[in-house]
Amino acid sequence: MADALKDVYQETFVREFGGKVQGAYAAFDVEAFTRAVLADGWDELALKERMRRISTTLGRFLPERYEEALAVLFAIDESCVGFPYLFFPDFVEVYGQKEADWPLSMQALERFTARSSAEFAVRVFLLRDPERMMRQMTAWAQHENEHVRRLSSEGCRPRLPWGQSLPMFKRDPAPVLPVLELLKADPSLYVRKSVANNLNDIAKDHPAVVLELARRWKGSNPHTDWIVRHGCRTLIRKADPEVLALFGYAAADGDTAQSLAAVAVLKAEPREVKIGGSCELHYDFRLRHGEPARIRLEYAIDFVKASGRTSRKLFLLSDKTLPGGGQIQGTRTHRWADLTTRKHYPGIHKISLCVNGVVVAETGVAVERG
């Protein structure tokens with residue numbers, strides 16, 4: 001996706017942006033700026049590298065004083081809205097790190113995040129002075145603008161995709177939790193999604209922290225319940241018994257798991273596929289007669305790695321409450337094409353049908369080189 005997104009930064013975009021800057025700062029050399037941005041291997045640069053090239057080049061063509069340079073960007077930012085203008089907050093990250101510039105940089109990040117997002121730029125400030133920056137995030141969590149409130153959560157996610165890791169919050173998420181408390185019933189879905197994602201990040205390193213918080217929050221507000229459910233999605237996928245019980249899934253351990261299934265069948269056709277091909281997975285699960293039960297039906301594949309070891313990945317089929325005797329059946333096409341996130345290797349790949357985290361049926365597919 002990043003490869004496609006980077007193409008927004010073509011010569012036409014850079015030149016048109018330069019024209020906007022020149023409208024606010026007559027000394028700005030649009031042609032020289034455009035040439036400088038597109039020079040030295042521009043075509044090979046990835047998305048964030050292109051953003052950084054634009055922001056650093058801006059620093060060479062705008063006034064030398066940081067305050068004056070920001071004034072130019074403030075003059076045009078209302079016409080620079082959306083994803084392509086992430087280099088506005090990146091400019092602050094690059095040039096606004098001096099101690100004397102901290103208040104102005106905070107003002108700029110607050111302003112620019114409403115136009116695009118400062119979730120990446122804010123992280124260098126967190127790494128530099130986490131206590132001071134979290135005080136700012138706490139203030140932003142109470143801001144009237146939903147984009148600023150979202151920044152207070154998204155910016156301190158321990159594992160933000162594409163963003164710098166925050167190892168201090170991976171080790172101890174305690175400084176993040178007061179911000180999430182302030183946002184736990186936020187009226188904006190945009191903000192609530194960020195809070196849920198932050199919780200999900202924390203759950204990967206500190207599941208007990210998230211479980212305790214989920215127990216405390218659940219039932220207090222419909223908005224909060226939505227956050228709790230989505231924030232615990234990784235723990236649900238891992239079939240943590242306490243988490244499954246919290247969200248009302250039927251007990252699924254040991255003999256109890258088998259007793260949930262009156263019928264559990266999983267078949268793969270064909271049983272032999274080449275890398276790049278696909279197979280059909282036919283599944284049939286029927287709940288035992290009696291009381292209704294909340295069921296999460298998934299299939300798991302133990303992917304063979306280059307070393308010969310395996311790594312399991314789960315794929316959701318259904319998540320709902322079934323009446324006693326209720327049935328879930330269907331066919332899912334699984335493709336064995338290599339992805340940027342997964343490379344396939346020859347070998348027998350075990351495939352399992354899982355109910356609330358417990359295997360109830362198994363099959364296998366022999367994967368061969370194409």
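No hydrogens, no waters, no symmetry mates; every other heavy atom, side chains included, goes into these values.
To the nearest 0.5 Å, atoms CD1 (Ile227) and CG (Asn198) are separated by 10.5 Å. For the atom pair OG (Ser194) and CG (Leu180), the distance works out to 8.0 Å, reported to the nearest 0.5 Å. How far CD of Glu11 is from CH2 of Trp42: 11.0 Å, rounded to the nearest 0.5 Å. The CG atom of Leu166 lies 3.5 Å from the CZ atom of Arg123; values are rounded to the nearest 0.5 Å.
Judged by the 6.0 Å distance and 45° axis criteria, Lys313 is positioned over the aromatic ring of Phe315. In this structure, Arg229 satisfies the cation-pi test against Phe247, with its NZ or CZ atom closer than 6.0 Å to the six-membered ring centre and inside 45 degrees of the ring normal. The side-chain tip of Arg332 does not point at the ring of Tyr283 from less than 6.0 angstrom away and within 45° of straight on.
Of the charged side-chain nitrogens involved, at least one lies within less than 4.0 Å of a carboxylate oxygen, so that Asp77 and Arg115 count as a salt-bridged pair. We find that Lys267 and Glu269 are not joined by a salt bridge, their nearest charged nitrogen and carboxylate oxygen being 4.0 Å or further apart. A salt bridge links Glu93 with Arg52: at least one charged nitrogen is closer than 4.0 Å to a carboxylate oxygen. A salt bridge does not link Lys20 to Glu78: none of the charged nitrogens lies less than 4.0 Å from a carboxylate oxygen. Between Glu181 and Arg216 there is a salt bridge, since at least one side-chain N of the basic residue sits less than 4.0 Å from a carboxylate O of the acidic one. By the 4.0 Å N-to-carboxylate-O rule, Glu146 lies too far from Arg149 to be salt-bridged with it.
Across Val176 and Cys156, no two heavy atoms sit closer than the pair CG1-SG, 3.7 Å. Nearest heavy atoms, Trp336 versus Ser278: CD1-CA, 3.9 Å. Ala196 and His230 get closest at one heavy-atom pair: CB-CB, 3.8 Å. For Val365 against Pro270, the heavy-atom pair with the smallest separation is CG2-O, 4.2 Å. Heavy atoms only, all atoms of each residue included: Tyr9 and Arg50 are closest at O-NH1, 3.5 Å. Closest non-hydrogen pair, Ala75 versus Ala24, comes out as CB-CB, 3.8 Å.
The closest donor-acceptor contact from the side chain of Gln10 to the backbone of Asp7 lies under 3.5 Å. A distance-only check finds no donor-acceptor pair linking the side chain of Thr224 to the backbone of Ser220 [under 3.5 Å]. Side chain of Asn145 to main chain of Ala114: no donor-acceptor pair is present (N/O by atom type, distance under 3.5 Å, no hydrogens or angles). Checked by atom type and distance alone, the side chain of Asp90 never pairs as donor or acceptor with a backbone atom of Ser55 at under 3.5 Å. Within the 3.5 Å criterion, the main-chain N or O of Trp162 finds a donor-acceptor partner in the side chain of Lys48. Lys6 places a side-chain N or O within 3.5 Å of a backbone atom of Leu45 that can act as its donor or acceptor partner. Using modelled atom types, no side-chain atom of Thr57 and backbone atom of Ala36 make a donor-acceptor pair closer than 3.5 Å. Gln142 places a side-chain N or O within 3.5 Å of a backbone atom of Thr138 that can act as its donor or acceptor partner.
When each of Lys170, Arg159, Arg233, Arg157 is checked for a salt bridge (Lys or Arg N to Asp or Glu O under 4.0 Å) with Asp201, only Arg157 meets the rule. With Phe88 as reference, Phe112 is the one residue of Phe120, Phe112, Tyr95 to meet the ring-ring contact (aromatic ring centres under 6.0 Å, His included) rule.
By the criterion of side-chain heavy atoms lying less than 4.5 angstrom apart, applied directly or through intervening Ile, Leu, Val, Met, Phe, Trp or Tyr residues, Met134 is not grouped with Leu182; the two fall into different hydrophobic clusters. Ile348 and Val273 are assigned to two separate hydrophobic clusters, defined by single-linkage of ILVMFWY side chains at heavy-atom distances under 4.5 Å. In the hydrophobic cluster analysis, where Ile, Leu, Val, Met, Phe, Trp and Tyr join through side-chain heavy atoms closer than 4.5 angstrom, Leu314 is grouped apart from Ile328. Follow the hydrophobic side-chain contacts under 4.5 Å out from Val81 and you never reach Phe74; the two are in separate clusters.
The aromatic ring centres of Phe28 and Phe17 sit 6.0 Å or more apart.
Counting heavy atoms from C-beta outward, Tyr85 and Ile54 have side chains that stay 4.5 Å or more apart. By the 4.5 Å heavy-atom criterion applied to side chains, Arg53 and Asp40 are counted as neighbours. Taking 4.5 Å as the limit, every side-chain heavy atom of Phe285 sits out of range of all side-chain heavy atoms of Val265. Proximity of Cys354 to Val360: side-chain heavy atoms (C-beta onward) are nowhere separated by under 4.5 Å. By the 4.5 Å heavy-atom criterion applied to side chains, Tyr249 and Asp319 are counted as neighbours. With a 4.5 Å cut-off on side-chain heavy atoms, Leu316 and Leu297 do not count as touching. You'll find the side chain of Met133 reaches within 4.5 Å of the side chain of Trp102, heavy atoms only. Annotation: side chain of Leu183 is in contact with side chain of Asp186 (closest heavy-atom distance under 4.5 Å).
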Quick one: do Thr310 and Asp302 satisfy side-chain hydrogen bond (donor to acceptor under 3.5 Å, both in side chains)? Show the steps, please.
CA-CA 5 Å; Thr310 60; Asp302 292 330; 5.1 Å; no

Show your reasoning for whether salt bridge (Lys or Arg N to Asp or Glu O under 4.0 Å) applies to Arg128 and Glu99.
CA-CA 11 Å; Arg128 173 185 162 191; Glu99 176 63 26; 3.1 Å; yes

Between Phe33 and Arg60, does a side-chain contact (heavy atoms from CB on, under 4.5 Å) hold up when you go through it step by step?
CA-CA 9 Å; Phe33 169 75; Arg60 291 162 45 198; over 6 Å; no

Passes side-chain contact (heavy atoms from CB on, under 4.5 Å), Gln136 versus Leu109? Steps please.
CA-CA 11 Å; Gln136 179 65 64; Leu109 291 176; over 6 Å; no

Give the intermediate values and the outcome of side-chain hydrogen bond (donor to acceptor under 3.5 Å, both in side chains) for residues Gln327 and Asp284.
CA-CA 7 Å; Gln327 187 176 28; Asp284 186 0; 2.8 Å; yes

Evaluation steps, side-chain hydrogen bond (donor to acceptor under 3.5 Å, both in side chains), between Thr333 and Glu280
CA-CA 5 Å; Thr333 299; Glu280 302 290 324; 2.9 Å; yes

Test side-chain contact (heavy atoms from CB on, under 4.5 Å) on Tyr299 and Ile351; report intermediate values, then the result.
CA-CA 7 Å; Tyr299 70 94; Ile351 307 177; 4.2 Å; yes

Can you list the steps and then say if Gln329 with His282 is a side-chain hydrogen bond (donor to acceptor under 3.5 Å, both in side chains)?
CA-CA 8 Å; Gln329 62 179 172; His282 306 279; over 6 Å; no

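With a 6.0 Å radius and a threshold of 12 heavy atoms from other residues, nucleotides or ligands, Lys193 has its NZ atom at or below the threshold. Within a 6.0 Å sphere centred on CD of Glu68, heavy atoms belonging to other residues, nucleotides or ligands number more than 12. In this structure, Arg335 places its CZ atom where only 12 or fewer heavy-atom neighbours from other residues, nucleotides or ligands lie under 6.0 Å away.
The aromatic rings of His344 and His349 are tilted relative to each other, their planes meeting at an angle between 30° and 60°. By the 30° and 60° cut-offs, the orientation of the rings of Phe13 relative to Phe87 is perpendicular.
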